[in-house]
Amino acid sequence: MSDPVGKLPSELDQLPDRDTEETAEWAASLDAVAKAAGTRRAEYLLRRTLQHAESAGLALPKLLETDYVNTIPTSAEPEFPGDEEMEARITAWNRWNAAAMVTRGSKYGVGGHIATFASAAWLYETGFQHFFRGKEADGSGDQLYIQGHASPGIYARAFLDGRISEQQLDNFRQEAGGNGLPSYPHPRRLPWLWEFPTVSMGLGPLSAIYQARFNRYLENRRIKDTSNSHVWAFLGDGEMDEPESTAALALAARERLDNLTFVVNCNLQRLDGPVRANFRIVQELEAQFRGAGWNVVKTLWGSAWDELFRLDTTGALVRRLRETPDAQFQTYATRDAAYIREHFFGGDPALVALGALVSDAKIAECFHTSRGGHEPRKVYAAYKAALEHKGAPTVILAQTVKGYTLGAGFESKNANHQMKKLTIDEFKGMRDLLGLPIPDSAFEDGVVPYGHPGADSPEVRYLQERRAALGGPAPARRVHQVALPQPADKSFAPLLKGSGKQEMATTMAFVRLVKDLMRDKETGRRWVPIVPDEARTFGMESLFPSAGIYSPLGQTYEPVDRDQLMYYKEAKDGQILNEGITEAGAMADFIAAATSYATHGETMIPFYIFYSMFGWQRTGDQMWQLADQLGKGFIVGATAGRTTLTGEGLQHADGHSHLIAATNPASLNYDPAFAYEIAVIVKDGLKRMYGENPEDVFYYLTVYNEPKPQPAMPEGVEEGIVKGLYRFNTAADLGEAAPAADAPKIQLMASGTAIHWILEAQRLLAAEWNVAADVWSATSWGELRRDALEADEALLRGEERTPYVTRVLEGAPGPVLAVSDWMRQVPDQISQWVPQDYTSLGTDGFGLSDTRDNARRHFGVDAQSIVVAALAQLARRGEVPASSVKEARERYGL
């Protein structure tokens, strides 16, 4: 193999060759093999040499792809420890009941998916019988991320186990009555069974990686021994197209998460057709995972293929498999042996000769159904190899047939994801194939029956004995929540007393509070600070040397700033999770920590701080995942508002996250104006989420990077802060600058940093227009609305209840003008319950780069614009002359 003409330079050209003659001999040997035995033989020898080098411990790059064959050959498969016949009967009952449940539900139009579990049944059953640790043994058990579309099979197994009734199966996707089953894994809807919501595709793989990482975090911080917990994520090959599915592969390899296994069900089909019609998804995924540093185990072919591979003395079969695109292989799975002989074997004389040695029945078996993912021995071998591999996570690429055992009408059909039912005749065919003792008379009413061998049958006893040996039922969610002691008041005191003349941004106030709370002897170690590579932006660098940044390797280098007080300190027991530039990863961290009270029985208090624009907007789907998973903690949108973050421009200017957050029922959303409000809100949050009667909610707080003097907390405002609204001051509090007693009245209401604009507007209205304005701090538009909606619902039940916002504003003179650094829809959430005339100002439209003053003038929310809006509101009521509005516009240059 001489060098080709125009060969590109290589990194090898830069390395010293200590023996050029020896190098030339190796090259000549390879040329000789290629000439005498062909290039394929030369390729084989090179790959064998690389394999030998790896086993000898030589540090060489790995090949990203291997041949399209099983990683573990049949001869190397370990002994199968179970009763294969018994497990086949159990799997048959589960297949039947999963299909029956979805088919019976189709008469109500509720739908469901059959084909996914049909392909993956053995992937789950082998795990349930031999690998998945339950929560009743020592430790936390394993964490199972079940593929969402496979949920009918998990329900079917729980039915066989006696955990779910026949009535519940019949209420699949019919939850309103309170005795139904959710469509997919939804912990909020079925909290005793499901731990992790996964059907928002891509979030399951991402969360599984960060869950495995958080398990190590708990262990390295000596909070809980999680060494026996393993994370299993069951995924679809089509799902791997989601960017979140592969976003954190390098993290998993970098942190050596050998407590993690991905099982990718490669049935080669996504929702509409082939995953890679003209390519091979298995080979693509293998290269992707190997390149990221994962251990890859391919379980592709069933035992029927052993004979074909044994006869393949030339390698022609392996080459043909490697060349065949997925869509063509799906076609082979639905055609007869004659078609396969012509189109698969017919193009190569070596393959024609090989095909002549096997029967049509063998060819049909191989191409129609014989896949590694359908044989428990091969699945068991793959799982065992995954658990035994150390130093890296493992992905198992298991090839299956979508719709397996459902009959010719389902198997490998492009439309099978949308096919919701089988006919009675198809069920009878399935019964015969699975060997189930269900008589024809059971179908006489035209409804497919559920099947159960009996609570004391050998199948159920076997199933329950295996689960008992592995630590109890799975999947299962268990909550052993112990109330955390409330932190001492001294942690909150500095914010409550104000900052005097010193200016402090509310972002800094929040960080200072958490820093003090992390020193609390009882609960300090349970705080989990999470930040996506912006800690210095938010003033958190002071936490680096004291709390440490978590790294499973510790700090293997001397930091460049080691001689500084706030140096960059990484530690194996570090408390801060500094994620790099990945909001999705930080959010996955938050979910793992926020649900640790259930997953591990260890309550943690996560707070995740980020640029507010890049939270709900970028990772809002994960916020819903958090709500579904019943997570708790503090999400903090820093540098909030559309005009407060100077110079950053459109993509950094958040004027709408509170509107998005308001759509999530589990999110309690606050926009505090002052440091003392933050203290009250956090204290209340700790009580509500971690106290004696914990609620399944989380908090969203927005804080600002605009330094302002922070006042001391007035007396008696705590309830208003928590409920969302209180009067901060009145016009009379202006003292000598107060307007006349008979002056026109208006109520100015603001949240967040806008409180400072209306305080200035209050002064201008009094001094220049003789208008008396009271100032209200609206700490939470969302909580005011939530309370009002609950009052409306109570009215429908015949209960009289006045919304808090209505009650607290009752009798306040004049109209109400609400102002915020958010689009007007945010304060307008409460408009229908305000008894006065109501209008609002906000920052609708795109953000822009400029100074704060110019941006606020642009949006019409600065103090002068507020004065004009207030005068206009009063003029419409006839309480000030219309000319005052025109005069104010001209005076302020509007």
Side-chain angles (χ1 to χ4, degrees), residues 81-105 112 114 117-118 121-122 124-137 141-142 144 146 150-175 177-182 185 190-195 376 405 427-428 430-445 447-478:
D83 184 332
E84 220 169 327
E85 183 180 343
M86 179 68 72
E87 293 180 23
R89 293 205 300 273
I90 292 170
T91 306
W93 284 117
N94 292 341
R95 289 181 183 278
W96 178 271
N97 287 322
M101 177 178 64
V102 175
T103 298
R104 287 166 69 115
I114 305 175
F117 177 73
W122 276 114
Y124 290 106
E125 195 59 37
T126 304
F128 284 129
Q129 299 288 14
H130 302 287
F131 292 96
F132 304 157
R133 288 169 49 85
K135 294 184 174 296
E136 295 173 4
D142 288 353
L144 308 180
I146 305 295
S151 65
I154 309 304
Y155 290 138
R157 193 174 203 276
F159 170 65
L160 201 67
D161 194 13
R163 302 168 73 202
I164 286 177
S165 68
E166 186 171 315
Q167 180 190 5
Q168 286 176 292
L169 292 185
D170 255 358
N171 286 338
F172 175 58
R173 291 191 168 197
Q174 299 174 77
E175 301 176 75
N179 196 34
L181 299 178
L190 203 63
W192 61 267
L193 181 73
W194 299 119
E195 274 198 289
T405 74
F427 267 110
K428 289 180 178 179
M430 182 182 177
R431 171 202 62 188
D432 296 341
L433 176 66
L434 298 176
L436 294 172
I438 301 173
D440 285 350
S441 59
F443 300 91
E444 287 178 355
D445 60 358
V447 177
V448 59
Y450 294 118
H452 200 293
D456 197 39
S457 64
E459 291 92 336
V460 173
R461 288 201 307 271
Y462 181 93
L463 181 157
Q464 292 176 341
E465 287 168 2
R466 290 303 309 140
R467 288 312 315 156
L470 287 167
R477 182 175 181 273
R478 298 286 185 269

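FYI, side chains are in, hydrogens and waters are out, and symmetry mates aren't considered; it's all heavy atoms of this structure.
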- May I ask you to test the Pro475-Glu195 pair for a side-chain heavy-atom distance under 4.5 Å? no
- Query: Just how far is it from atom CD of Glu136 to atom CG of Leu470, taken to the nearest 0.5 Å?
  - Reply: 11.5 Å
- Query: For the side chain of Arg477 and the backbone of Leu193, is there at least one donor-acceptor N/O pair under 3.5 Å apart?
  - Reply: no
- Query: Can you tell me how far CD of Glu84 sits from CD of Gln129, rounded to the nearest 0.5 angstrom?
  - Reply: 12.0 Å
- Task: For Asn97 and Gly451, indicate whether the former's side chain and the latter's backbone hold a donor-acceptor pair under 3.5 Å.
- Result: yes
- Gln167: partners by side-chain hydrogen bond (donor to acceptor under 3.5 Å, both in side chains), with sequence neighbours left out: Asn179
- Task: Please report the shortest heavy-atom distance between Ala100 and Pro449, naming the atom on each side.
- Result: CB-O, 4.0 Å
- Query: Backbone N or O of Ser165 within a donor-acceptor pair of the Gln168 side chain at under 3.5 Å?
  - Reply: yes
- For the residue pair Arg157 and Arg467, establish whether any side-chain heavy-atom pair is separated by less than 4.5 Å. yes
- Distance (rounded to the nearest 0.5 Å) between Phe128 CZ and Arg466 CZ: 13.5 Å
- Looking only at heavy atoms, what is the nearest atom pair of Arg478 and Pro473, with distance? NH2-CG, 3.8 Å
- Query: What distance separates Asp170 CG from Phe172 CZ, expressed to the nearest 0.5 Å?
  - Reply: 12.0 Å
- Message: When you measure from the side chain of Tyr155 to the backbone of Pro182, do you find a donor-acceptor pair of N or O atoms at a distance under 3.5 Å?
- Response: yes
- Item | Asp142 side chain vs Arg133 backbone, donor-acceptor pair below 3.5 Å | yes
- Minimum heavy-atom separation for Phe117 to Ala98, with atom names? CD2-CB, 4.0 Å
- Query: Do the non-hydrogen side-chain atoms of Pro453 and Val460 ever get within less than 4.5 Å of each other?
  - Reply: yes
- Task: For Trp93 and Leu434, run side-chain contact (heavy atoms from CB on, under 4.5 Å): C-alpha distance rounded to whole Å, both residues' side-chain angles, the deciding distance at 0.1 Å, then the answer.
- Result: CA-CA 8 Å; Trp93 284 117; Leu434 298 176; over 6 Å; no
- Nearest 0.5 Å please: distance from the CD atom of Glu85 over to the CD atom of Glu459. 9.5 Å
- Item | Asn94 vs Tyr124 side-chain heavy atoms within contact, under 4.5 Å | no
- Side-chain heavy-atom pair Glu175, Asn171 within 4.5 angstrom cut-off: no
- Message: With rounding to the nearest 0.5 angstrom, report the CD1 to CG distance, Ile154 to Leu181.
- Response: 12.5 Å
- Item | Closest heavy-atom pair and its distance - Met86, Pro458 | CE-CB, 3.7 Å
- Item | Note: Asp440-Arg431 ion pair, threshold 4.0 Å (strictly below) | yes
- So Trp192 and Leu190, side-chain contact (heavy atoms from CB on, under 4.5 Å) or not? Walk me through it. CA-CA 6 Å; Trp192 61 267; Leu190 203 63; 3.5 Å; yes
- Does Met430 offer a backbone N or O that forms a donor-acceptor pair with the side chain of Trp96 under 3.5 Å? no
- Query: Would you call the rings of Phe159 and Tyr450 parallel, tilted or perpendicular if under 30° counts as parallel and over 60° as perpendicular?
  - Reply: tilted
- Task: Could you walk me through whether Phe427 and Thr103 pass the side-chain contact (heavy atoms from CB on, under 4.5 Å) test, one step at a time?
- Result: CA-CA 10 Å; Phe427 267 110; Thr103 298; 3.5 Å; yes
- Message: Applying ring-ring contact (aromatic ring centres under 6.0 Å, His included), can you list everything that pairs with Trp122, at least two apart in sequence or on another chain?
- Response: none
- Indicate the atoms forming the closest heavy-atom contact of Arg163 with Ala476, along with that distance. NH2-CB, 3.8 Å
- All heavy atoms of Thr405 vs all of Leu433, minimum pair found to be CA-CD2, 3.7 Å
